[in-house]
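The structure appears below as structure tokens.
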Protein chains: 2
Amino acid sequence: MTGLASSIERRNGVSLWRQIADRILQGIASGDFAENAALPPEVALAERYGVNRHTVRSAIAALVQEGVLKAEQGRGTFVLSRKRLSYPIGARTRFSTGLQGQTSERHIALLSSSTEPASRRIAEALGIAKGAAVIRLETRGEADGHAVSRATIWFDAKRFAGIEAAMAETGSITASLKRFGINDYLRHSTVLSARHADADDLAALDLQPGAIVLVTVAVNVTLDGEPIQFAESRFPAERVELRLSAGD
Amino acid sequence: MTGLASSIERRNGVSLWRQIADRILQGIASGDFAENAALPPEVALAERYGVNRHTVRSAIAALVQEGVLKAEQGRGTFVLSRKRLSYPIGARTRFSTGLQGQTSERHIALLSSSTEPASRRIAEALGIAKGAAVIRLETRGEADGHAVSRATIWFDAKRFAGIEAAMAETGSITASLKRFGINDYLRHSTVLSARHADADDLAALDLQPGAIVLVTVAVNVTLDGEPIQFAESRFPAERVELRLSAGD
DNA sequence: ATAATTTGTCTATTGATATAGACAACTATA
DNA sequence: TATAGTTGTCTATATCAATAGACAAATTAT
């Protein structure tokens with residue numbers, strides 16, 4: 001990416017093969033390793049990263065299982081997967097329209113829903129009393145059959161009673177909110193962080209263990225500034241990048 | 001954060017103690033573990049995460065060495081460190097003003113500089129010919145003595161000859177650009193991703209191996225839209241979160 | 001055909017990771 | 001003072017991670 005040959009760290013808590021797998025994924029995303037082309041041979045990669053050939057093989061094996069690479073005996077190891085999806089974030093962040101042009105199909109699957117008392121944090125974000133009932137939706141964003149996001153979304157249960165049914169039916173937050181008279185809404189705030197994927201993320205996003213997720217914590221509001229939705233979304237860093245759209 | 005007891009993954013390439021250390025850091029950042037208060041005892045943490053007490057001890061040991069926790073025999077283990085810095089990103093992203101109010105002192109240290117031919121990517125971003133000379137600055141952002149960012153910045157060498165001297169002197173991008181007649185500039189685009197810190201990041205940001213960095217790739221432009229600066233910045237995810245400021 | 005290149009498999013060894021259990025050392029409290 | 005609760009240290013064992021070397025199997029080029 002920068003052209004810097006940033007090296008590999010040992011005795012870290014993160015295995016060398018995992019680090020090298022990360023580097024290869026980066027290389028693909030940044031264009032260092034072209035699509036459909038062969039990777040450098042294992043011995044060359046081993047030398048480049050200063051590790052044993054078997055360690056490189058472990059990294060490649062993980063990426064093969066992940067569907068990113070394909071190894072052919074005698075020929076080489078080839079890059080299958082495309083660049084990362086670029087997910088725009090701005091005042092009018094929408095799942096479906098945001099990925100328009102990058103994927104042919106996309107929708108949000110409702111994994112589960114429940115009603116619970118609001119924690120302090122959620123109550124503050126939604127401007128309701130702590131302990132008031134909120135609806136929690138667990139969702140997965142899918143594009144062309146691939147999982148690209150995993151979100152937990154909270155709504156005021158009083159104002160949005162039954163929204164889980166609307167979500168299950170429409171597969172869209174925007175469409176569901178319309179049923180409650182909200183035709184437009186804005187992203188009020190977004191806070192961004194990153195962490196290792198937990199077991200739930202791994203399963204829902206079909207990730208290999210050790211993968212990194214980008215985490216956004218966001219509040220959506222009506223045009224009047226009334227908070228309507230609080231959400232924590234997780235995006236697989238190896239498949240998705242977030243593009244900050246300034247104006248919109 | 002969400003209250004979900006997301007669990008720990010095994011055989012991942014990321015050791016259990018590293019994952020647990022991450023979780024504790026998250027817990028501190030999100031307020032689950034209050035500052036100056038004691039962590040739950042080791043046996044309780046071991047049970048919560050479903051691992052052996054010794055594994056929890058490895059995680060705690062790493063965080064003690066990192067200066068985040070302090071263990072006292074017979075009493076407990078205490079949280080020393082504060083919440084993450086919140087680094088705002090928007091049209092007017094500036095290092096120093098962005099952290100105002102959160103830290104008393106902050107500046108950018110110039111680690112090294114060089115002149116090199118522009119890669120295709122950098123040439124496109126800066127609107128110059130591929131192979132044209134560009135100045136590369138390697139910098140570290142510091143706040144109250146702690147490293148909070150590590151950036152690589154490129155400028156058109158023709159237009160900004162000598163900017164490395166200005167940077168070394170002023171410790172500020174904004175001040176340096178003023179010397180070239182640029183009194184204001186805007187963030188044109190930002191792309192966000194995350195990865196494991198490489199050896200260079202680890203050293204410069206004083207991180208424990210295995211740590212995660214948030215990565216932004218950004219282009220700054222003049223008010224007329226002329227590109228002036230291309231930068232890749234790395235932020236330690238355990239110490240910094242990025243706050244997207246919508247309007248500004 | 002032959003050789004060179006590349007991925008695949010096997011054995012062996014070393015160190016890091018994780019579990020298990022026992023007990024020591026220290027602190028706070030009843 | 002005695003007791004419970006907590007961190008610190010030690011031994012032992014099993015598995016994972018990484019290195020090392022050798023050779024097989026498949027493909028491509030000479």
Side-chain angles (χ1 to χ4, degrees), chain A residues 7-24 33 36-80 196 199 208-211, chain B residues 7-24 33 36-80 196 199 208-211:
Chain A
S7 53
I8 297 290
E9 277 296 310
R10 312 171 110 85
R11 281 158 226 199
N12 315 3
V14 179
S15 62
L16 295 185
W17 66 260
R18 178 78 253 172
Q19 293 182 65
I20 290 170
D22 283 354
R23 295 278 298 275
I24 293 173
F33 299 139
N36 299 323
L39 281 189
E42 293 168 351
V43 279
L45 289 173
E47 189 170 6
R48 174 190 300 196
Y49 297 129
V51 300
N52 192 274
R53 179 182 157 226
H54 294 294
T55 307
V56 169
R57 283 182 60 76
S58 297
I60 289 176
L63 296 178
V64 166
Q65 216 202 344
E66 213 167 321
V68 175
L69 299 177
K70 186 182 175 199
E72 293 182 30
Q73 184 171 154
R75 294 194 64 215
T77 303
F78 299 87
V79 178
L80 293 181
H196 286 122
Q208 289 302 105
Chain B
S7 52
I8 297 289
E9 277 296 310
R10 311 172 109 86
R11 277 157 231 199
N12 317 1
V14 181
S15 62
L16 294 185
W17 66 259
R18 178 77 254 173
Q19 292 182 66
I20 289 169
D22 283 355
R23 295 278 298 274
I24 293 173
F33 300 138
N36 300 323
L39 280 189
E42 293 168 353
V43 279
L45 289 173
E47 189 169 5
R48 174 190 300 196
Y49 298 129
V51 300
N52 193 275
R53 179 183 158 226
H54 294 295
T55 307
V56 169
R57 284 182 60 75
S58 296
I60 289 176
L63 296 178
V64 166
Q65 214 201 346
E66 213 167 321
V68 175
L69 299 178
K70 187 182 173 195
E72 293 182 31
Q73 184 171 158
R75 294 194 63 217
T77 303
F78 299 86
V79 178
L80 293 180
H196 285 122
Q208 288 301 105

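Labels below follow one simple rule: chain letters A, B, ... track the order of the sequence lines, proteins then strands, and each chain is numbered from 1. No hydrogens, no waters, no symmetry mates; every other heavy atom, side chains included, goes into these values.
- Side chain of B:Glu42 to backbone of B:Val56: no donor-acceptor contact under 3.5 angstrom is found.
- With sequence neighbours left out, the side-chain hydrogen bond (donor to acceptor under 3.5 Å, both in side chains) criterion links B:Arg48 to no other residue.
- Taking all atoms of both residues into account, the shortest heavy-atom contact from B:Phe78 to B:Asn36 is CD2-O, 3.9 Å.
- The CZ-P distance, from A:Arg18 to D:dA18, rounds to 12 Å in whole Å.
- The distance between atom CG of B:Leu69 and atom P of D:dG8, rounded to the nearest whole Å, is 11 Å.
- Taking 4.0 angstrom as the limit, B:Ser15 places none of its side-chain polar atoms (N or O) nearer than this to OP1 or OP2 of C:dA16.
- When the options A:Arg23, A:His196, A:Gln19 are evaluated for a side chain to side chain donor-acceptor pair (under 3.5 Å) with B:His196, the one that passes is A:His196.
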Check: Are A:Phe33 and A:Thr77 close enough, and set up right, to give a side chain to side chain contact (heavy atoms under 4.5 Å, CB included), and what steps lead you there?
Finding: CA-CA 11 Å; A:Phe33 299 139; A:Thr77 303; over 6 Å; no

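- For B:Thr55, a side-chain nitrogen or oxygen approaches OP1 or OP2 of C:dT19 to under 4.0 Å.
- Shown for residues 39-46 of chain A: no residue has heavy atoms falling under 4.0 angstrom of DNA chain D.
- Partners of B:Glu72 by salt bridge (charged side-chain N to carboxylate O under 4.0 Å, His left out), not counting sequence neighbours, listed by chain and number: B:Lys70, B:Arg75.
- B:Gln65 has its CD atom 14 Å from the P atom of D:dG8, to the nearest Å.
- B:Leu63 places its CG atom 16 Å from the C1' atom of D:dT7, with the value rounded to the nearest Å.
- Rounded to whole Å, the distance from NZ on B:Lys70 to P on D:dT7 is 14 Å.
- One interatomic measurement links the two molecules: CZ of B:Arg57 to P of C:dT19, which rounds to 14 Å at whole-angstrom precision.
- In plain terms, the two heavy atoms of A:Thr55 and A:Trp17 that are nearest each other are O-CB, 3.7 Å.
- B:Val79 has its side chain within reach of B:Leu69: a pair of non-hydrogen atoms, C-beta onward, lies under 4.5 Å apart.
- For B:Trp17 and D:dA17, the CH2 to P distance is 14 Å, given to the nearest whole Å.
- The OH atom of A:Tyr49 sits 15 Å away from the P atom of D:dA18 (whole-angstrom rounding).
- Note on A:Ser58: every side-chain N or O is 4.0 Å or more away from OP1 and OP2 of D:dA18.
- Applying the side-chain contact (heavy atoms from CB on, under 4.5 Å) criterion to A:Pro41, with sequence neighbours excluded, gives A:Val43, A:Ala44.
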Margin query: Walk along nucleotides 20-30 of chain C from 5' to 3' and tag each nucleotide B, S or - by protein heavy-atom contact under 4.0 Å, base first, then sugar-phosphate.
Written below: BBB--BBSS--

